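Since the model is a prediction, treat every value here as computed from it, not as a measurement. Only heavy atoms go into these numbers, but all of them, side chains included; no hydrogens, no water, no symmetry mates.
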Amino acid sequence: MRILYGAFAQGHGHFSKAAVLVPLLEQAGHTVQVVSSGQPQPPAGYAFARHLHLPCLSYEVAAGRTDYRGTFLKWTREMPRVMSHLWRLRRLVREFEPELILSDFEPLTASPMLGARCAIVALSRQVALFDRDVPLPEGRGLERKLTRSAIRLF
């Protein structure tokens, strides 16, 4: 089976999961193409046989927390590059023809704009944030709206 595996590259969490799962999938006879996005460079110390890194959509962090306003402004500036990466990834999907996409909080591989003709499975715990019972910042202020938008974009 051809599997496209998306891993977000903000830190080491998603990559450490991929470092365990990708070799297991390959040992089981699957061909795995890893795609990552996030920081300008993927985290050091991880090697995958097939890996494409597309730097974009990393979070801004201030005082140990996600700065939603800063992140929103950064993502707005990055939108032309994001679209360019998305079109590049669409070409890869057409050529690789994955039979399954596993997306670990990686927004490009989870995009409906990919035109993939297979199932897309989200592996990240952040998927739980789509649950309406998960609390968001109180009130109707800008931070609440940006938080909800960031969750939906990813």
Chemist: Listed by chain and number, what are the side chain to side chain contact (heavy atoms under 4.5 Å, CB included) partners of Pro23, not counting sequence neighbours?
Modeler: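 Counting only residues at least two positions away or on another chain, Pro23 forms no side chain to side chain contact (heavy atoms under 4.5 Å, CB included).
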Chemist: Which pair of non-hydrogen atoms, one from Phe96 and one from Leu4, has the smallest distance, and what is that distance?
Modeler: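 So the two residues come closest at CE2-N, 4.1 Å.
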Chemist: Pair Ser103, Glu106 - check side-chain hydrogen bond (donor to acceptor under 3.5 Å, both in side chains), show working.
Modeler: CA-CA 6 Å; Ser103 184; Glu106 197 294 307; 4.8 Å; no
Chemist: Kindly state each residue pair satisfying salt bridge (Lys or Arg N to Asp or Glu O under 4.0 Å) with at least one member in residues 82-100, sequence neighbours excluded.
Modeler: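 Counting only pairs at least two positions apart or across chains, the salt bridge (Lys or Arg N to Asp or Glu O under 4.0 Å) contacts touching residues 82-100 are Arg2-Glu99.
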Chemist: Considering non-hydrogen atoms only, spot the tightest contact between Thr71 and Ser58 and give its length.
Modeler: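 For Thr71 versus Ser58, the nearest heavy atoms are CG2-O, 4.4 Å.
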Chemist: Is any side-chain heavy atom of Ile101 closer than 4.5 Å to one of Leu114?
Modeler: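 Counting from C-beta outward, Leu114 and Ile101 do come under 4.5 Å.
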Chemist: Pair Trp75, Tyr59 - check ring pair (Phe, Tyr, Trp, His ring centres under 6.0 Å), show working.
Modeler: CA-CA 9 Å; Trp75 287 2; Tyr59 284 93; 5.6 Å; yes
Chemist: Applying side chain to side chain donor-acceptor pair (under 3.5 Å), can you list everything that pairs with Arg50, at least two apart in sequence or on another chain?
Modeler: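 Only Gln33 meet the side chain to side chain donor-acceptor pair (under 3.5 Å) criterion with Arg50.
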Chemist: Which word best sums up how the rings of Tyr46 and Phe15 line up, parallel for under 30°, tilted for 30 to 60°, or perpendicular for over 60°?
Modeler: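 Ring orientation, 0 to 90° scale: perpendicular.
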Chemist: Which value, rounded to the nearest 0.5 Å, describes the distance between Leu57 atom CG and Leu108 atom CG?
Modeler: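 Going from CG on Leu57 over to CG on Leu108, the span is 6.0 Å.
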Chemist: Please list all pairs passing the side chain to side chain donor-acceptor pair (under 3.5 Å) test where one or both residues lie in residues 23-32, with sequence neighbours left out.
Modeler: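 Applying side chain to side chain donor-acceptor pair (under 3.5 Å) to every pair that reaches into residues 23-32, excluding sequence neighbours, yields nothing.
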Chemist: Cluster partners of Val61, using ILVMFWY side-chain heavy atoms under 4.5 angstrom, listed by chain and number?
Modeler: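 Hydrophobic cluster check, Val61: no partners found.
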Chemist: Any sub-3.5 Å donor-acceptor pair from Thr76's side-chain atoms to Phe72's backbone N or O?
Modeler: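 At least one qualifying donor-acceptor pair exists.
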Chemist: Which residues satisfy the side chain to side chain donor-acceptor pair (under 3.5 Å) test with Ser36, sequence neighbours excluded?
Modeler: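 Result, side chain to side chain donor-acceptor pair (under 3.5 Å) vs Ser36: His51, His53.
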